Amino acid sequence: MTDPKDNVPNEDDPQVEGDATNAQEPEDLIEAEGPDVEVPADGAEPPAGAADAANDLSPEDEALLADAARGIQEDKLSTDDRDLLAEMRADMLRAQAELVNFRKRVERDREANREVAIAEVVRALLPALDDLTRAEAHGDLTEGPMQVIGQKIRGGFEKFKLVQIGAKGETFDPNIHEAIVQLPTPGATGQTVADVVEPGYKLGERVLRAAKVAVAVPA
(Lines give C-alpha, C1' and ligand atoms only; values in the text may rest on other atoms or scores of the structure.)
Protein backbone atom coordinates (compact mmCIF):
# COMPACT_ATOMS: atom_id res chain seq x y z
CA MET A 1 0.00 0.00 0.00
CA THR A 2 1.36 3.43 -0.98
CA ASP A 3 2.10 5.91 1.72
CA PRO A 4 0.26 9.27 1.08
CA LYS A 5 3.37 11.08 2.12
CA ASP A 6 5.12 9.83 -1.01
CA ASN A 7 2.78 12.01 -3.18
CA VAL A 8 3.67 15.23 -1.42
CA PRO A 9 6.01 17.18 -3.70
CA ASN A 10 9.45 17.92 -2.44
CA GLU A 11 10.44 21.60 -2.53
CA ASP A 12 13.96 20.63 -3.54
CA ASP A 13 12.76 18.63 -6.54
CA PRO A 14 13.63 20.69 -9.71
CA GLN A 15 10.89 19.01 -11.74
CA VAL A 16 8.22 20.24 -9.36
CA GLU A 17 9.67 23.72 -9.41
CA GLY A 18 9.52 23.79 -13.22
CA ASP A 19 5.88 22.68 -13.22
CA ALA A 20 4.94 25.42 -10.81
CA THR A 21 6.59 28.02 -13.04
CA ASN A 22 4.68 26.89 -16.14
CA ALA A 23 1.27 26.70 -14.42
CA GLN A 24 -1.24 29.43 -15.28
CA GLU A 25 -2.85 31.36 -12.51
CA PRO A 26 -6.60 32.19 -12.74
CA GLU A 27 -5.77 35.83 -13.48
CA ASP A 28 -3.66 34.80 -16.49
CA LEU A 29 -6.52 32.71 -17.84
CA ILE A 30 -8.96 35.61 -17.54
CA GLU A 31 -6.59 37.96 -19.29
CA ALA A 32 -6.06 35.53 -22.15
CA GLU A 33 -9.77 35.12 -22.84
CA GLY A 34 -10.42 38.62 -24.20
CA PRO A 35 -10.28 42.38 -23.72
CA ASP A 36 -12.83 42.50 -20.87
CA VAL A 37 -11.66 44.86 -18.16
CA GLU A 38 -12.65 44.57 -14.55
CA VAL A 39 -14.56 47.58 -13.21
CA PRO A 40 -12.36 49.15 -10.50
CA ALA A 41 -13.74 49.94 -7.10
CA ASP A 42 -14.30 53.55 -6.05
CA GLY A 43 -11.00 55.32 -5.63
CA ALA A 44 -8.97 52.46 -7.18
CA GLU A 45 -6.78 52.94 -10.23
CA PRO A 46 -8.09 51.37 -13.44
CA PRO A 47 -6.31 48.17 -14.44
CA ALA A 48 -3.87 48.04 -17.31
CA GLY A 49 -5.66 47.83 -20.66
CA ALA A 50 -8.72 49.77 -19.50
CA ALA A 51 -7.84 52.74 -21.71
CA ASP A 52 -7.43 50.51 -24.78
CA ALA A 53 -10.77 48.84 -24.11
CA ALA A 54 -12.48 52.23 -23.67
CA ASN A 55 -11.12 53.40 -27.02
CA ASP A 56 -12.95 50.53 -28.74
CA LEU A 57 -16.34 51.80 -27.54
CA SER A 58 -18.65 53.74 -29.81
CA PRO A 59 -19.82 57.23 -28.80
CA GLU A 60 -23.27 55.82 -28.04
CA ASP A 61 -21.77 53.18 -25.72
CA GLU A 62 -19.64 55.81 -24.02
CA ALA A 63 -22.72 57.97 -23.42
CA LEU A 64 -24.61 54.99 -21.98
CA LEU A 65 -21.70 54.12 -19.71
CA ALA A 66 -21.42 57.73 -18.56
CA ASP A 67 -25.14 57.84 -17.74
CA ALA A 68 -24.89 54.55 -15.91
CA ALA A 69 -21.90 55.80 -13.95
CA ARG A 70 -23.76 58.90 -12.94
CA GLY A 71 -26.76 56.86 -11.90
CA ILE A 72 -24.61 54.51 -9.85
CA GLN A 73 -22.88 57.37 -8.13
CA GLU A 74 -26.14 59.08 -7.28
CA ASP A 75 -27.61 55.85 -5.96
CA LYS A 76 -24.72 55.60 -3.55
CA LEU A 77 -25.27 59.12 -2.19
CA SER A 78 -27.02 59.76 1.07
CA THR A 79 -30.14 61.91 1.27
CA ASP A 80 -28.17 64.96 2.38
CA ASP A 81 -25.70 64.50 -0.45
CA ARG A 82 -28.51 64.20 -2.99
CA ASP A 83 -30.05 67.42 -1.70
CA LEU A 84 -26.67 69.11 -1.98
CA LEU A 85 -26.27 67.79 -5.54
CA ALA A 86 -29.73 69.09 -6.49
CA GLU A 87 -28.88 72.49 -5.02
CA MET A 88 -25.61 72.59 -6.96
CA ARG A 89 -27.45 71.77 -10.19
CA ALA A 90 -29.97 74.52 -9.51
CA ASP A 91 -27.13 76.99 -8.91
CA MET A 92 -25.52 75.91 -12.16
CA LEU A 93 -28.75 76.47 -14.12
CA ARG A 94 -29.23 79.83 -12.44
CA ALA A 95 -25.67 80.84 -13.36
CA GLN A 96 -26.26 79.80 -16.97
CA ALA A 97 -29.46 81.88 -17.12
CA GLU A 98 -27.65 84.89 -15.66
CA LEU A 99 -24.90 84.49 -18.26
CA VAL A 100 -27.45 84.44 -21.10
CA ASN A 101 -29.14 87.57 -19.72
CA PHE A 102 -25.78 89.27 -19.33
CA ARG A 103 -24.91 88.57 -22.95
CA LYS A 104 -28.26 89.99 -24.07
CA ARG A 105 -27.71 93.15 -22.01
CA VAL A 106 -24.24 93.55 -23.50
CA GLU A 107 -25.66 93.28 -27.03
CA ARG A 108 -28.40 95.83 -26.25
CA ASP A 109 -25.90 98.24 -24.71
CA ARG A 110 -23.56 97.80 -27.67
CA GLU A 111 -26.35 98.60 -30.13
CA ALA A 112 -27.47 101.59 -28.05
CA ASN A 113 -23.93 102.95 -27.90
CA ARG A 114 -23.61 102.51 -31.65
CA GLU A 115 -26.82 104.49 -32.23
CA VAL A 116 -25.66 107.26 -29.89
CA ALA A 117 -22.32 107.54 -31.69
CA ILE A 118 -24.00 107.73 -35.10
CA ALA A 119 -26.47 110.32 -33.81
CA GLU A 120 -23.68 112.55 -32.51
CA VAL A 121 -21.83 112.43 -35.83
CA VAL A 122 -24.96 113.17 -37.87
CA ARG A 123 -25.99 115.98 -35.51
CA ALA A 124 -22.60 117.63 -36.02
CA LEU A 125 -23.15 117.55 -39.80
CA LEU A 126 -26.66 119.05 -39.74
CA PRO A 127 -25.42 122.65 -40.30
CA ALA A 128 -23.74 121.51 -43.52
CA LEU A 129 -26.98 119.82 -44.53
CA ASP A 130 -28.83 123.09 -43.86
CA ASP A 131 -26.42 124.93 -46.17
CA LEU A 132 -27.03 122.28 -48.80
CA THR A 133 -30.79 122.80 -48.49
CA ARG A 134 -30.45 126.59 -48.82
CA ALA A 135 -28.21 126.22 -51.86
CA GLU A 136 -30.80 123.96 -53.45
CA ALA A 137 -33.55 126.49 -52.70
CA HIS A 138 -31.55 129.20 -54.49
CA GLY A 139 -31.06 127.01 -57.53
CA ASP A 140 -27.38 126.35 -57.00
CA LEU A 141 -27.79 122.57 -57.19
CA THR A 142 -29.84 122.32 -60.36
CA GLU A 143 -26.89 121.19 -62.46
CA GLY A 144 -23.14 120.70 -62.44
CA PRO A 145 -20.85 118.91 -59.99
CA MET A 146 -22.54 120.37 -56.91
CA GLN A 147 -25.76 118.61 -57.83
CA VAL A 148 -23.98 115.24 -57.84
CA ILE A 149 -22.22 116.03 -54.55
CA GLY A 150 -25.50 117.03 -52.93
CA GLN A 151 -27.15 113.80 -54.03
CA LYS A 152 -24.29 111.71 -52.63
CA ILE A 153 -24.39 113.54 -49.30
CA ARG A 154 -28.13 113.05 -48.94
CA GLY A 155 -27.80 109.41 -49.99
CA GLY A 156 -25.23 108.86 -47.25
CA PHE A 157 -27.58 110.32 -44.64
CA GLU A 158 -30.46 108.20 -45.88
CA LYS A 159 -28.46 105.03 -45.24
CA PHE A 160 -28.60 105.90 -41.54
CA LYS A 161 -32.39 106.49 -41.80
CA LEU A 162 -32.16 110.25 -41.41
CA VAL A 163 -35.58 111.80 -42.06
CA GLN A 164 -36.48 115.47 -42.34
CA ILE A 165 -39.41 116.55 -40.18
CA GLY A 166 -41.55 119.68 -40.13
CA ALA A 167 -43.93 120.61 -42.92
CA LYS A 168 -46.31 123.48 -43.47
CA GLY A 169 -49.94 122.71 -42.63
CA GLU A 170 -49.37 119.80 -40.25
CA THR A 171 -50.64 119.82 -36.68
CA PHE A 172 -48.24 121.29 -34.17
CA ASP A 173 -46.50 118.60 -32.10
CA PRO A 174 -44.20 119.81 -29.32
CA ASN A 175 -42.26 116.53 -29.57
CA ILE A 176 -40.97 117.36 -33.04
CA HIS A 177 -41.73 121.08 -33.42
CA GLU A 178 -40.22 124.10 -31.74
CA ALA A 179 -42.55 127.11 -31.92
CA ILE A 180 -40.56 130.31 -32.34
CA VAL A 181 -43.59 132.52 -33.02
CA GLN A 182 -47.39 132.28 -32.74
CA LEU A 183 -49.56 133.83 -35.43
CA PRO A 184 -53.18 134.56 -34.47
CA THR A 185 -55.14 133.45 -37.48
CA PRO A 186 -58.88 134.08 -38.03
CA GLY A 187 -60.79 130.87 -38.55
CA ALA A 188 -58.05 128.66 -37.03
CA THR A 189 -59.49 125.99 -34.77
CA GLY A 190 -56.23 124.57 -33.51
CA GLN A 191 -52.49 124.94 -33.61
CA THR A 192 -51.02 124.22 -37.02
CA VAL A 193 -47.66 124.86 -38.65
CA ALA A 194 -47.95 128.10 -40.65
CA ASP A 195 -44.34 128.15 -41.83
CA VAL A 196 -41.10 126.19 -41.37
CA VAL A 197 -38.17 128.41 -40.46
CA GLU A 198 -35.67 125.56 -40.07
CA PRO A 199 -36.41 121.87 -40.75
CA GLY A 200 -35.87 119.25 -38.10
CA TYR A 201 -34.43 115.77 -38.41
CA LYS A 202 -35.02 112.33 -36.96
CA LEU A 203 -32.58 109.44 -36.96
CA GLY A 204 -34.76 106.35 -36.76
CA GLU A 205 -37.03 107.10 -33.80
CA ARG A 206 -34.59 109.57 -32.24
CA VAL A 207 -35.26 113.29 -32.76
CA LEU A 208 -31.92 114.93 -33.47
CA ARG A 209 -33.32 118.41 -33.86
CA ALA A 210 -36.84 119.74 -33.60
CA ALA A 211 -38.17 121.76 -36.51
CA LYS A 212 -38.36 125.49 -35.85
CA VAL A 213 -41.79 126.63 -36.98
CA ALA A 214 -44.28 129.46 -36.89
CA VAL A 215 -47.58 128.28 -35.41
CA ALA A 216 -50.99 129.50 -36.47
CA VAL A 217 -53.33 129.78 -33.47
CA PRO A 218 -56.99 130.85 -33.16
CA ALA A 219 -57.39 134.63 -33.18
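Model, not experiment: these values are computed from the prediction. Below, all heavy atoms of this structure are taken into account, side chains as well, without hydrogens, waters or symmetry copies.
Side chains of Val163 and Phe157 form no contact here, defined as non-hydrogen atoms less than 4.5 Å apart. Between Val122 and Leu208, some side-chain heavy-atom pair lies under the 4.5 Å cut-off. Here the side chains of Arg209 and Leu126 are in contact, with some heavy-atom distance below 4.5 Å. Residues Leu183 and Val217 fail the side-chain proximity criterion, which asks for heavy atoms closer than 4.5 Å. Side-chain contact between Val213 and Val215 is present, with at least one heavy-atom pair separated by less than 4.5 Å. Side-chain contact between Leu162 and Leu129 is present, with at least one heavy-atom pair separated by less than 4.5 Å. Contact check for Asp130 versus Glu198: side-chain heavy atoms found under the 4.5 Å cut-off.
Glu115 CD to Lys161 NZ: the interatomic distance, rounded to the nearest 0.5 Å, is 9.0 Å. Atom NE2 of His177 sits about 9.0 Å away from atom OG1 of Thr171, to the nearest 0.5 Å. Once rounded to the nearest 0.5 Å, the distance linking OG1 of Thr192 with CD of Glu170 reads 10.0 Å. Once rounded to the nearest 0.5 Å, the distance linking CD of Glu87 with CE of Met92 reads 13.0 Å.
Remark: Gln96 CD is packed, more than 12 non-hydrogen atoms of other residues, nucleotides or ligands lying under 6.0 Å away.
Salt bridge Asp109/Arg114: absent, no basic N to carboxylate O contact under 4.0 Å. Salt-bridge check for Lys104 with Glu107: failed, with every basic side-chain N at 4.0 Å or more from each acidic carboxylate O. Electrostatic pairing of Glu136 and Arg154 counts as a salt bridge here, judged by a charged N lying under 4.0 Å from a carboxylate O.
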Query raised in the report: When you look at Arg103 and Leu99, which way does the side-chain contact (heavy atoms from CB on, under 4.5 Å) test go after all the steps?
Result: CA-CA 6 Å; Arg103 288 176 176 174; Leu99 178 60; 3.8 Å; yes
Requested in this report: Apply side-chain contact (heavy atoms from CB on, under 4.5 Å) to the pair Lys202 and Glu205, showing each step before the final yes or no.
Outcome: CA-CA 6 Å; Lys202 288 177 59 178; Glu205 298 298 325; 4.2 Å; yes
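Tyr201 and Phe160 fall within a single hydrophobic cluster, where Ile, Leu, Val, Met, Phe, Trp and Tyr are joined by side-chain heavy atoms under 4.5 Å apart, directly or via other members. By the rule that hydrophobic residues join a cluster once side-chain heavy atoms approach within less than 4.5 Å of another member, Val207 and Ile180 end up as members of separate clusters.
Nearest heavy-atom pair across Val181 and Ala214 is CG1-CB, 3.4 Å. Closest approach of Thr185 and Ala216 over heavy atoms only: OG1-CB, 3.5 Å. When every heavy atom of Gly190 is checked against every heavy atom of Pro218, the shortest pair comes out as O-CD, 3.8 Å. Here the closest heavy-atom approach between residue Gly166 and residue Ala211 is recorded as CA-CB, 3.9 Å.
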